[in-house]
Amino acid sequence: MRGKAGSGKTILFVCIACFLAGILFSGQMWTRPSNNHENTLLPPRPDCDHKRKLIEGRPGDVMEEVVKTHQAIKSLDKAVSTLEMELTAGRTSQTGGRQQSSNHSAQKAFVVIGINTAFSSKRRRDSIRQTWLPKGNQLKELEKEKGIIVRFVIGHSTTPGGILDKAIDAEEAEHKDFLRLDHVEGYHELSTKTRLYFSTIISTWDADFYVKVDDDIHLNLGMLVSTLAKYRSRPRVYIGCMKSGPVLYQKGAKYHEAEHWKFGEEGNKYFRHATGQIYAISKDLATYISINWPILHRYANEDVSLGSWLLGLEVEHVDERSMCCGTPPDCDWKARTGNVCVASFDWSCSGICKSVERMRDIHKTCGEGDGAVWNVDL
């Protein structure tokens, strides 16, 4: 190579030429796949960066969507439950069962409140009309504007058309606030009356909730409606003050349970159930009672009977303590702290002791105000 001076320049030229040719060749090899096989070799890529930036930039929107989805799921669950009950009701009516809840002509309402009463309780009814229950045109407006139905619930005497029944007829003509049942009144027939009450009202009113309350209880209608509204989207709801009292096996006791042996050994307690002074159930549960009323067992106590009917079902038990406040000073103190009670009574009397004499004072002390129920947004 030293003997040939021009060979070094030739080699340098050849190297440069090879380098340029390599660059040209490699550039074509990288370009072709990107042009000809881009869609084949590379999977489509979602705009992940854009969505990530959207989520990071607006977290409130994400939470809002989560809440909406959760509410939609609950509404769908309730709709499915309602459809299942209506389907069962339709089948029952086709097979000749006593079921009228599928009657689409029933009046729409938010809640139906039945005040359990007796022939001897006229003074109690008057004390309620003078305090927490609207009268006359106001009662009609409450039904029309708010969908709140309130009725005194009573059956008939052992001699239909007798003096007792005529007295109720006269009272109904004056106030128009009764629901009459085809039932013979009697203290030991409360479980039968409750069963018939739900069967009757669900064929008359198509409501979200059905409530039973005794006629010696102080009730704040606005608070009751507001409380029920919180559970409007949930299916199969049973609301009240849940308790588990002793099973009284001694004969002669006021609440003697003749079938105490079904609850185990002496001294055992009942299963959890809402106390009988006031409780509420959703439409699908009332429908269930209406469909199956002939085979629903009745125990000595009406509240135990209702609890047993719902015990084996997929039911949400809501222990709502505002539905069992005490009379003053208890409900007064709670009202002053902003926790107005739904209902007030004395546990020692299973209602308000001497309710006729005390109802007005309790309403004045623990009442929510006459306009509260009209301001509830449903």
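Side chains included, hydrogens not; waters and symmetry mates left out as well; all remaining heavy atoms used.
- Across Ser322 and Glu320, no two heavy atoms sit closer than the pair OG-OE2, 2.8 Å.
- Heavy atoms only, all atoms of each residue included: Gly276 and Asp303 are closest at N-OD2, 3.3 Å.
- No side-chain donor-acceptor contact under 3.5 Å links Ser290 to the backbone of Ala286.
- Counting only heavy atoms from C-beta outward, the side chains of Trp132 and Leu221 approach each other to under 4.5 Å.
- A continuous path of hydrophobic side-chain contacts links Leu219 to Leu142 [ILVMFWY only; heavy atoms under 4.5 Å].
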Residue pair Thr117, Arg125: steps toward the side chain to side chain donor-acceptor pair (under 3.5 Å) verdict | CA-CA 8 Å; Thr117 191; Arg125 293 191 292 272; 2.9 Å; yes
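- Judged by distance alone, the side chain of Ser199 and the main-chain N or O of Arg195 form a donor-acceptor pair under 3.5 Å.
- For the atom pair OG1 of Thr227 and CD1 of Ile239, the computed distance is 8.0 Å after rounding to the nearest 0.5 Å.
- A single hydrophobic cluster is seen to contain both Tyr197 and Tyr238, as judged by linkage of ILVMFWY side chains at heavy-atom distances under 4.5 Å, directly or through other members.
- When side chains are defined from C-beta on, Trp374 counts as touching Glu141, because their heavy atoms get closer than 4.5 Å.
- By the 4.5 Å heavy-atom criterion applied to side chains, Asp214 and Ile217 are counted as neighbours.
- By the 4.5 Å heavy-atom criterion applied to side chains, Asp165 and Phe119 are counted as neighbours.
- Between the side chain of Asn339 and the backbone N or O of Ala335, no donor-acceptor pair lies under 3.5 Å.
- Cys366 has its SG atom at least 2.5 Å from the SG atom of Cys325.
- By the 6.0 Å contact criterion, NZ on Lys262 is enclosed, its count of non-hydrogen atoms from other residues, nucleotides or ligands being greater than 12.
- Two residues are said to be in side-chain contact when any heavy atoms from C-beta on lie closer than 4.5 Å; Ile148 and Val112 fail this criterion.
- Comment: Glu302 does not engage Lys193 in a salt bridge, judged by the lack of any side-chain N to carboxylate O separation of less than 4.0 angstrom.
- Note on Val315: it clusters hydrophobically with Ile289, by side-chain heavy-atom contacts below 4.5 Å among ILVMFWY residues.
- Taking the ring-ring contact (aromatic ring centres under 6.0 Å, His included) definition, one finds that Trp347 meets it with Phe345, sequence neighbours left out.
- Under the 30°/60° scheme for interplanar angles, the aromatic rings of His363 and His218 are found to be tilted.
- Leu139 and Arg151 get closest at one heavy-atom pair: CD2-NH1, 4.4 Å.
- The existence of a salt bridge linking Asp319 and Arg272 is excluded, since no basic side-chain nitrogen approaches an acidic carboxylate oxygen closer than 4.0 Å.
- Remark: Arg358 engages Asp346 in a salt bridge (Lys or Arg N to Asp or Glu O under 4.0 Å) (not counting sequence neighbours).
- Ion pair Arg180/Asp182 not flagged as a salt bridge, since none of the NZ, NE, NH1 or NH2 atoms sits closer than 4.0 Å to an Asp/Glu carboxylate oxygen.
- Between Lys135 and Asp177 no salt bridge is recorded (no basic side-chain N to carboxylate O distance below 4.0 Å).
- The minimum heavy-atom distance between Met323 and Ala343, with the atom names listed, is O-CB, 3.5 Å.
- Counting non-hydrogen atoms of neighbouring residues, nucleotides and ligands closer than 6.0 angstrom, the CD atom of Glu314 reaches no more than 12 such neighbours.
- In this structure, Phe209 is a member of the same hydrophobic cluster as Leu378, with clusters built from ILVMFWY side-chain heavy atoms closer than 4.5 Å.
- For the pair Glu171 and Lys122, the salt-bridge criterion is not met [side-chain N within less than 4.0 Å of a carboxylate O].
- Closest approach of Ile362 to Thr327, counting heavy atoms only: CD1-CG2, 3.7 Å.
- When atom types are taken as modelled, the side chain of Asn375 and the backbone of Gly371 share a donor-acceptor pair closer than 3.5 angstrom.
- Under the ring-ring contact (aromatic ring centres under 6.0 Å, His included) criterion, Phe152 pairs with Phe178, not counting sequence neighbours.
- Separating the CZ atom in Arg298 from the CH2 atom in Trp309 is a distance of 8.5 Å, to the nearest 0.5 Å.
- Counting only distance, with no hydrogens or angles, the side chain of Lys212 and the backbone of Phe198 share no donor-acceptor pair below 3.5 Å.
- Arg124 is not listed as a side-chain neighbour of Ile128, based on a closest heavy-atom distance of 4.5 Å or more.
- Residue Asp206 holds its CG atom at 13.0 Å from CZ of Phe110, rounded to the nearest 0.5 Å.
- A distance-only check finds no donor-acceptor pair linking the side chain of Asp216 to the backbone of Ser355 [under 3.5 Å].
- For the residue pair Glu316 / Tyr231, no side-chain donor-acceptor distance below 3.5 Å is found, with atom types taken as modelled.
- For the atom pair Leu179 CG and Ile113 CD1, the distance stands at 13.0 Å (nearest 0.5 Å).
- Remark: the Arg360 side chain and the Ser127 side chain contain no N/O donor-acceptor pair separated by less than 3.5 Å.
- When all heavy atoms of Pro294 and Ile291 are compared, the pair lying nearest together is CD-O, 4.0 Å.
- No side-chain heavy atom of Val213 sits under 4.5 Å from any side-chain heavy atom of Asn116.
- Aromatic ring orientation, Tyr270 versus Phe263: perpendicular (interplanar angle above 60°, classes split at 30° and 60°).
- Using cut-offs of 30° and 60° for the angle between ring planes, the His297 and Tyr299 rings count as perpendicular.
- From Thr200, atom OG1 reaches atom CH2 of Trp205 across 9.5 Å, with rounding to the nearest 0.5 Å.
- Side-chain heavy atoms closer than 4.5 Å link hydrophobic residues (I, L, V, M, F, W, Y) into clusters, and following such links, even through other members, never connects Tyr249 to Val247.
- Classification of Asp332 and Lys334 as a salt-bridged pair fails, no side-chain N sitting under 4.0 Å from a carboxylate O.
- Side-chain contact between Asp208 and Leu228 is absent, with no heavy-atom pair separated by less than 4.5 Å.
- Checked by atom type and distance alone, the side chain of Glu185 pairs as donor or acceptor with a backbone atom of Gly155 at under 3.5 Å.
- With respect to the salt-bridge test (charged N to carboxylate O, under 4.0 angstrom), the residues Glu357 and Lys354 do not qualify.
- Remark: Arg129 CZ to His175 NE2 distance equals 4.0 Å, nearest 0.5 Å.
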